[in-house]
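These notes are about the structure you will find just below.
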Amino acid sequence: MEKTYNPSDFEDRLYKEWEEKGCFKAVRDDDKVPFTVMMPPPNITGQLHMGHAMDETMQDAVTRFKRMQGYCALWLPGTDHASIATEVKIVEQMKKEGLSKESVGREGFLKRAWEWKEKYAGRIVEQLKKLGSSCDWSRLTFTMDDKCSKAVREVFVNLYNKKLIYRGNRIINWCPECKTALSDAEVDYAEENGFFWHIKYYTEDGKEALEVATTRPETMFGDTAVAVNPSDKRYKHLIGKNVVLPVVNKPIPVVGDEHADMEFGTGCVKITPAHDPNDFEVGLRHNLPVVRVMNDDGTMNELAGKYAGMDRYECRKALTEDLKALGNLVGTEPHVHNVGHCYRCSATVEPIVSRQWFVKMEGLARPAINAVIDKKITFVPERFAKIYYNWMENVKDWCISRQLWWGHRIPVWYCADCGAEICSKTDVSECTRCGSRNLSQDEDVLDTWFSSALWPFSTLGFPDDTSDLEYFYPGDVLVTGYDIIFFWVARMIFSGLEHMRKVPFRDVLIHGLVRDEKGRKMSKSLGNGVDPLEVISKYGADSLRFSLLQGVAPGNDTRYSDAKVESCRNFMNKIWNSGRFVIMSVADRNIKPVSEFRLSSADKWIIARLQSAIRDVTLAMNKFELGIACQTMYDFMWSDFCDWYIELVKPVLKGEDAVAADRAASVLVFVLENALKLLHPFIPFITDEIYRNIPGTEGTIMTKEFPRYNSRHAYKKDAQAFEGVMDIIKAVRAAKTELNCPPSRKVSLYIVTENKRLISANCDSILKLAGAKEINYVQSAADAGENAVAKVLSSGTVYIPMGELVDIEKEKARLEGELEKVMDEIRRADGKLNNQGFIAKAPKKLVDDERAKLNKYIELREKILAQLKSL
RNA sequence: GGGAGCUUAGCUCAGUUGGGAGAGCAACUGCCCUACAAGCAGUGGGUCACAGGUUCGAGCCCUGUAGCUCCCACCA
């Protein structure tokens, strides 16, 4: 093995080998329990960012863990066509070449889109591989693959036949830039500084006027009423009469409607059913005409009279000036309001009445809510269930048609001759009603999320009853960010229930966002994004992976920083070198199962620590506490194994006793192998590379069994006793530092103890690690001679003669400090034990432990007092 | 308007069934003791936002307050 950790030496090689050997492949095996994870397919709009890196790392860790535990683990990868997002990108690209959608036509555009897909989907796959993702590439799916299209049509037709999909004229969000409808979830709201324009609408006789206030005066041409509250005494008498729409001079009625809030503004609302969701409702209640005054591109249409053709903002400006001149505009006040923006191009969306396709949500939502209430699906952390409920309970019908070209085209055909509307799973060329061949398919495509919603089963062969679908569905855990609970998670749940009659997954593991060092969202506009590939090439995939998992709690955002990755890289280096040390040290030794040796107390201690690591990691993984699992392994590997056990075992390996050396070597190998297995789900490359170099191992670590907790290896008593030995070593080290004694200076130790056997059994270790030359067992302080520093421990009192370095006064002060600490402890324990409530109500074990502590501290106090006296 | 999260060491954050406050980084001291200076040993540093409450016992549970962040709805 190379002396320094250099991940680029082996990461690609190992990944290739895993892939070639089919380690990622999930093939139905009825002797195994399936474990299914569906990758949230990344958009083909670009490349992977840090958020993906975290998302994929979490899925990979969970999948590898389960695979090693013996499950038939399937992690199914894919990419998403991302209808609107991709189309926006391609239009941008074409614009640079002086082309437009119209100029290349639908066919030409789709050709470009597929070329784009080939390029970017491939790139994303390469990136996922660099990360170490253990997904089954043979199942790689694109959301516009034939199988997905088939599923989409199946579902569309089923819902259509059940009348759960309908076409209707309704208020939708319209993006004038993308020129398409958007669903409610695709609109981002942001506060903006705007104005309230106060406009007077006079009665027909000109004697009275209603003053309305609006933030969008240009919609005025679509006004078909003015509403006042029916119980508003100010205007009640005008209900049923007409007012005149300024500029156009058209009479419109005054209606009484609760929508008008007497407290707000003037209490009069202009009603524009075609351009406002609330007004649309009012319009329905009063049978008002719906007058649309804007074109698809955000310009005004012919109903805007002389303003026709103007952009909506141009018109606003011109119109308000004209109104002012006419005397109708009586006030302009600044107003901060929430404005909806397209989530892809950020243009201000317009609520517009439009004929679109919708999914009727009533009926689909309830079972989806119940599935979570009934714990068929669990959100981790649980609080996200509330967000889900809230959305589901208030969900409106889902607008699924998009006036785009890139996507699943709506499988509905219209007959030009008889007007029939034919919804079909297969392409239709002849009218089923009149036999005419004069058919045309609906121009629109479906919302991207319509196909994403089917992902958990479309990928497995739905609508066919495939063996895979039967075996791998439902999935086990869905890992994703909280930002797409509405877009995706919710829709997968109701779709799974509706079409498969089963929930699509049992757990939803939600993670937060990866932010930059300053806590800002990583974004293109800020230019603060960090490319995972660059980090990988600099530090290695394992370091990046570990940095994205360590210290992260489910659902919480995390910050990316180079410093964090660097510290993880250092950990990798530590693992690397410990592996190298073990492999070098055991080369000439006879490695046997640890059960064949009489283990030392240090051996038992590290094996006990290993057992608790196995237990803790497994528990944490089962609860998706990846951060805790990583931390557990970090501590075990670095502190317990490297800093203590390896150091303890060095003298044994070099000693005369060959059996002892074999034993130490065997324990080293045993612990290292297990630790690597425990670490493998998080850092697959380095663990495998080291594992292969351990004598006696075969093949890759990734197909080995995950360690299981073994209670016979807990060695509770031995491990605890051994900590007494460690205490002695720590105490001597500390004493040296306190007295500015160079670590290289070997000291003599005089120990008063009742644990002579334990200490002499570990004599070599103590001498080596504490930097001592001898241990003398004595009866009292006097035997240690003058100028000895005393360390009072529960395993005994250690005297360290330091000659001229000792300052009696300082030593006294130090011991008094120690005494004070011990006294505090005694007071604390005493107080607890004198508390009748504690004695009566606390668990017995706790009370006993507290008593034992008290006795220990009392003992220490006596020893320290005696020592002080002797000075 | 409704809801959620956060507030713990100088910084970034863990702390999940309530039982003596932790890590990484930074700081300070001393070390090349041949696995690792991407390292080793040691040290300092916290009224766990604030105020109440429940409890024998609260960083953790309940109520309220403040600051920050986010989500949903929406005021025409």
Side-chain angles (χ1 to χ4, degrees), chain A residues 1 3-5 184 189 196 212-216 227 259-261 263-272 276-279 282 335 337-338 381-384 386-387 390-391 394 482-483 485-486 512-513 517 519 521 539 543 547 550-559 561 563-564 566-585 619-620 623 625 627-628 630-631 634-635 639 642-643 646-647 650 729-730 733-738 740-744 768-771 825 828-829 832 835-843 845-847 849-850 853:
Chain A
M1 285 172 75
K3 191 173 173 189
T4 44
Y5 165 64
D184 294 340
Y189 288 88
F196 249 148
V212 302
T214 179
T215 53
R216 294 188 300 154
H259 169 63
D261 180 353
E263 309 296 319
F264 188 85
T266 57
C268 308
V269 195
K270 67 193 232 10
I271 299 300
T272 326
D276 183 279
N278 289 313
D279 293 4
V282 176
H335 178 65
H337 60 147
N338 248 348
E382 237 167 329
R383 68 181 126 96
F384 288 102
K386 272 191 219 166
I387 295 177
N390 186 265
W391 189 78
N394 298 299
Y482 55 69
D483 47 337
I485 292 177
F486 307 139
L513 277 82
E517 266 162 298
K521 228 174 182 171
Y539 298 103
S543 301
S547 78
Q550 196 196 24
V552 174
N556 286 9
D557 289 353
T558 182
R559 292 186 196 200
S561 75
K564 217 185 264 181
E566 210 162 298
S567 98
C568 291
R569 193 270 321 267
N570 294 352
F571 179 47
M572 297 310 128
N573 187 240
K574 191 73 185 174
I575 297 171
W576 180 261
N577 278 291
S578 64
R580 203 160 64 88
F581 173 81
V582 171
I583 288 159
M584 280 176 353
S585 308
L619 283 174
K623 289 189 283 182
E625 296 281 0
I628 290 176
C630 285
Q631 194 56 45
Y634 186 95
D635 293 339
S639 308
C642 293
D643 291 346
I646 286 183
E647 295 304 326
K650 277 178 182 173
I729 294 165
K730 287 187 215 170
R733 285 168 170 173
K736 282 186 168 187
T737 309
E738 281 157 16
N740 280 323
C741 166
S744 50
K768 176 90 196 315
L769 300 198
E825 293 297 340
R828 190 193 54 76
K832 248 183 169 175
N835 182 333
Q836 287 312 307
F838 179 72
I839 300 289
K841 292 183 180 172
K845 188 185 173 304
L846 219 70
V847 179
D849 286 354
E850 205 56 48
K853 278 183 214 163

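Nothing here was measured: the structure is a model prediction, and the numbers come from that model.
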Classify [X] by what it touches in the nucleic acid, base, sugar-phosphate, or nothing, heavy-atom distance under 4.0 Å.
X        : answer
A:Arg828 : base
A:Ser578 : base
A:Cys741 : nothing
A:Gly551 : sugar-phosphate
A:Ile628 : base
A:Ile839 : nothing
A:Phe486 : sugar-phosphate
A:Pro843 : base
A:Ile387 : nothing
A:Thr215 : sugar-phosphate
A:Lys768 : nothing
A:Tyr5   : base
A:Ala563 : nothing

Is [X] near enough to [N] that one of its side-chain N or O atoms lies under 4.0 angstrom from OP1 or OP2?
X        : N     : answer
A:Asn740 : B:G42 : no
A:Lys574 : B:C40 : yes
A:Lys564 : B:G24 : no
A:Lys3   : B:C36 : yes
A:Asn835 : B:G57 : no

Protein-nucleotide distance ([X], atom [atom1]; [N], atom [atom2]), rounded to Å:
X        : N     : atom1 : atom2 : answer
A:Arg559 : B:C11 : CZ    : C1'   : 9 Å
A:Arg383 : B:C6  : CZ    : C1'   : 9 Å
A:Glu738 : B:U29 : CD    : P     : 17 Å
A:Phe838 : B:G19 : CZ    : C1'   : 7 Å
A:Asn577 : B:C36 : CG    : P     : 6 Å
A:Lys650 : B:U34 : NZ    : C1'   : 8 Å
A:Asp261 : B:C74 : CG    : P     : 16 Å
A:Asp184 : B:C71 : CG    : C1'   : 15 Å

For [N], the Watson-Crick or wobble partner whose two distances fall under 3.5 Å:
N     : answer
B:C70 : B:G3
B:C33 : none
B:U55 : none
B:A14 : none
B:A49 : B:U65

With the side chain counted from C-beta on, respond yes when [X] and [Y] share a heavy-atom pair under 4.5 Å apart, and no when they do not.
X        : Y        : value
A:Ile729 : A:Glu647 : no
A:Lys270 : A:Arg216 : no
A:Phe581 : A:Ile646 : yes
A:Asn390 : A:Phe486 : no

Separation between the P atoms of B:A21 and B:U63, rounded to whole Å:
26 Å
Suppose you measure atom C1' in B:U55 against the same atom in B:U8; what distance do you get, rounded to whole Å?
23 Å
Do the side chain of A:Lys736 and the main chain of A:Cys741 share a donor and acceptor less than 3.5 angstrom apart?
no
Tell me whether the side-chain N or O atoms of [X] pair up with the base of [N] as donor and acceptor below 3.5 Å, since no angle test is needed here.
X        : N     : value
A:Arg569 : B:A38 : yes
A:Glu647 : B:A41 : no
A:Asn338 : B:C74 : yes

Compute both the distance and the angle, then confirm whether A:Lys574 meets the cation-pi test with A:Tyr634: under 6.0 Å from the six-membered ring centre, within 45 degrees of the axis.
no
